[in-house]
Amino acid sequence: MSFNWKKTAVIVLDIIIVAYLVFAITAFNKPDDQALTCSAVKIDIQHDVTDGFLNAEEVKKYLEYNKVYPLAKPFNEIDIRHIEEVLRQSPFVETAECYKTQGGNINIVLKQKTPILRVKADNGDDYYIDNHGSIMSNTRYPSNLIVATGNISRQYAQKVLTPIGNLLVGDTFWQNQIEQLNILADGSVEVVPRVGEHIIYLGPPVNIGKKLQRLEKFYRYGLSEAGWNKYSYISLEFDNQIICKKVKR
């Protein structure tokens, strides 16, 4: 059986032509990264249950301060992984993703940490805690959060106040109703509501969810009838009872 050189040559030529066409289409339609510069930076900040501290302008300033803002830089010199690393070093950023798009754009997608409480302790500490119990430094962009005051160590804030804060920010009723938590010397918890002149004593920070359920029922079916200013002190320390002290007239 003789070898068909002509047929083989045609097949090889076809392969070469197909390979050239693929190369030509790729080469002539893909922008040359050597000549391309970053023409725009899009910053998308995702929020959770509460508003955070970051906006696009703050992220831009942060990147400029760290000398990694990519606008107008050569595309092939932009290290998107390094930009992500810089962003994750911010105390307000939980996750960061950066990617390039065709045409010279850089997209940055951030998820910021969710502040749940502001702590203003008797020892002078002033900071925020996020939903994971991390300490967030004070900022000149305060979020409208419940404030925790009193005898608060950082360990207490992280271990005890974090689950309480998550419980409160996850419930619209309590977000609107509670203005302040006050921690007494023995670690027990008082609540200052936004409506009414009473103080609510929750006692030791255990079974807080159940205590708040009882308080909500009392608010809806008790105080709404008796009047919001009838009592000066409401205690939910003990199970299955609510102790109220009337306002002295």
Side-chain angles (χ1 to χ4, degrees), residues 47-53 113-136 138 142-249:
H47 296 283
D48 212 326
V49 293
T50 63
D51 291 334
F53 303 116
K113 292 182 179 179
T114 304
I116 57 172
L117 289 173
R118 181 172 184 179
V119 176
K120 301 185 74 173
D122 288 346
N123 62 9
D125 273 348
D126 187 353
Y127 55 86
Y128 297 83
I129 53 174
D130 72 11
N131 55 321
H132 299 298
S134 297
I135 301 295
M136 303 172 67
N138 197 356
S143 187
N144 185 25
L145 296 175
I146 297 170
V147 178
T149 60
N151 186 41
I152 306 173
S153 67
R154 296 204 168 198
Q155 183 179 16
Y156 185 97
Q158 293 176 297
K159 301 297 184 182
V160 178
L161 289 183
T162 297
I164 296 176
N166 280 322
L167 186 67
L168 297 178
V169 300
D171 189 314
T172 304
F173 179 83
W174 293 121
Q175 284 189 60
N176 295 329
Q177 186 61 39
I178 295 178
E179 181 176 35
Q180 179 183 343
L181 301 176
N182 186 50
I183 311 304
L184 304 181
D186 62 358
S188 58
V189 182
E190 289 182 336
V191 174
V192 180
R194 298 183 189 275
V195 179
E197 299 177 359
H198 52 277
I199 297 296
I200 302 157
Y201 182 65
L202 297 181
V206 294
N207 299 322
I208 295 297
K210 292 182 178 180
K211 292 175 181 178
L212 290 177
Q213 287 177 359
R214 283 162 43 214
L215 179 61
E216 182 176 354
K217 290 179 181 179
F218 181 65
Y219 269 7
R220 293 185 185 278
Y221 306 114
L223 283 188
S224 61
E225 298 294 332
W228 290 94
N229 296 318
K230 182 175 182 179
Y231 302 109
S232 62
Y233 190 82
I234 300 171
S235 174
L236 293 100
E237 179 181 8
F238 304 108
D239 292 340
N240 302 318
Q241 61 177 307
I242 298 176
I243 301 172
C244 301
K245 188 180 294 185
K246 288 185 178 181
V247 174
K248 293 181 179 180
R249 302 298 182 185

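In this chain, residues are counted from 1 in sequence order. Any value given below was found using the heavy atoms of this structure, including those in side chains, with hydrogens, waters and symmetry copies removed.
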- In Å, rounded to the nearest 0.5 Å, how long is the span from CG of Asp130 to CG of Leu117? 10.5 Å
- Message: Give me the atom names and distance for the closest heavy-atom approach of Gly187 to Pro205.
- Response: O-CD, 3.5 Å
- Message: Going by salt bridge (Lys or Arg N to Asp or Glu O under 4.0 Å), name the pairs with one or both residues in residues 200-216, residues two or more places apart or in two chains.
- Response: Glu216-Arg220
- Message: Before you tell me yes or no, could you show the steps for Val119 and Tyr156 under side chain to side chain contact (heavy atoms under 4.5 Å, CB included), namely the whole-Å CA-CA distance, both residues' side-chain angles and the distance that decides it to 0.1 Å?
- Response: CA-CA 11 Å; Val119 176; Tyr156 185 97; over 6 Å; no
Solution key, residues 157-164 side-chain donor-acceptor pairs under 3.5 Å, sequence neighbours excluded:
| residue | atom | partner | partner atom | Å |
| --- | --- | --- | --- | --- |
| Gln158 | NE2 | Gly133 | O | 3.1 |
| Thr162 | OG1 | Ala157 | O | 3.2 |
| Thr162 | OG1 | Gln158 | O | 2.9 |

- Message: Distance check, rounded to the nearest 0.5 Å: Ile199 atom CD1 versus Lys245 atom NZ?
- Response: 12.0 Å
- Item | side-chain hydrogen bond (donor to acceptor under 3.5 Å, both in side chains) involving Asp125 - partner list, sequence neighbours excluded | Arg154
- Task: Taking salt bridge (Lys or Arg N to Asp or Glu O under 4.0 Å) as the test, write out the residues that go with Asp126, two or more places apart.
- Result: Arg118
- Note on the structure: Nearest heavy-atom contact between His198 and Pro193 is O-CD, 3.2 Å
- How would you list, by chain and number, every residue that makes a side-chain hydrogen bond (donor to acceptor under 3.5 Å, both in side chains) with Arg194, sequence neighbours excluded? none
- Task: Kindly write out the residues that satisfy side-chain contact (heavy atoms from CB on, under 4.5 Å) with Lys217, not counting sequence neighbours, or none if the list is empty.
- Result: Tyr221
- Partner residues of Glu179 under the salt bridge (Lys or Arg N to Asp or Glu O under 4.0 Å) criterion, sequence neighbours left out: none
- Item | CD/Gln155: more than 12 non-hydrogen atoms of other groups inside 6.0 Å | no
- Pairwise distance CG(Asp122) to NZ(Lys120) - rounded to 0.5 angstrom: 11.5 Å
- Any side-chain heavy atom of Val189 within less than 4.5 Å of one from Ile183? yes
- Provide the full list of side-chain hydrogen bond (donor to acceptor under 3.5 Å, both in side chains) pairs with a residue in residues 180-190, sequence neighbours left out, each pair given once. Thr149-Gln180, Thr149-Asn182, Asn182-Glu190, Asp186-Ser188, Ser188-Tyr201
- Could you grab the distance from atom CG of Leu212 to atom CG of Leu236, nearest 0.5 Å is fine? 8.0 Å
- Item | Ile200: which of Val191, Val192, Ile242 passes side-chain contact (heavy atoms from CB on, under 4.5 Å) | Val191
- Atom CG in Leu215, atom CZ in Phe173: separation rounded to 0.5 Å? 7.0 Å
- Item | Shortest non-hydrogen separation from Val247 to Ser232 and the atoms involved | CG2-N, 3.6 Å
- Under the criterion side-chain contact (heavy atoms from CB on, under 4.5 Å), which of Leu145, Thr114, Ile135, Asn166 is the partner of Ile129? Ile135
- State, to 0.1 Å, how close Ser153 and Tyr127 come at their nearest heavy-atom pair, and which atoms those are. O-OH, 4.0 Å
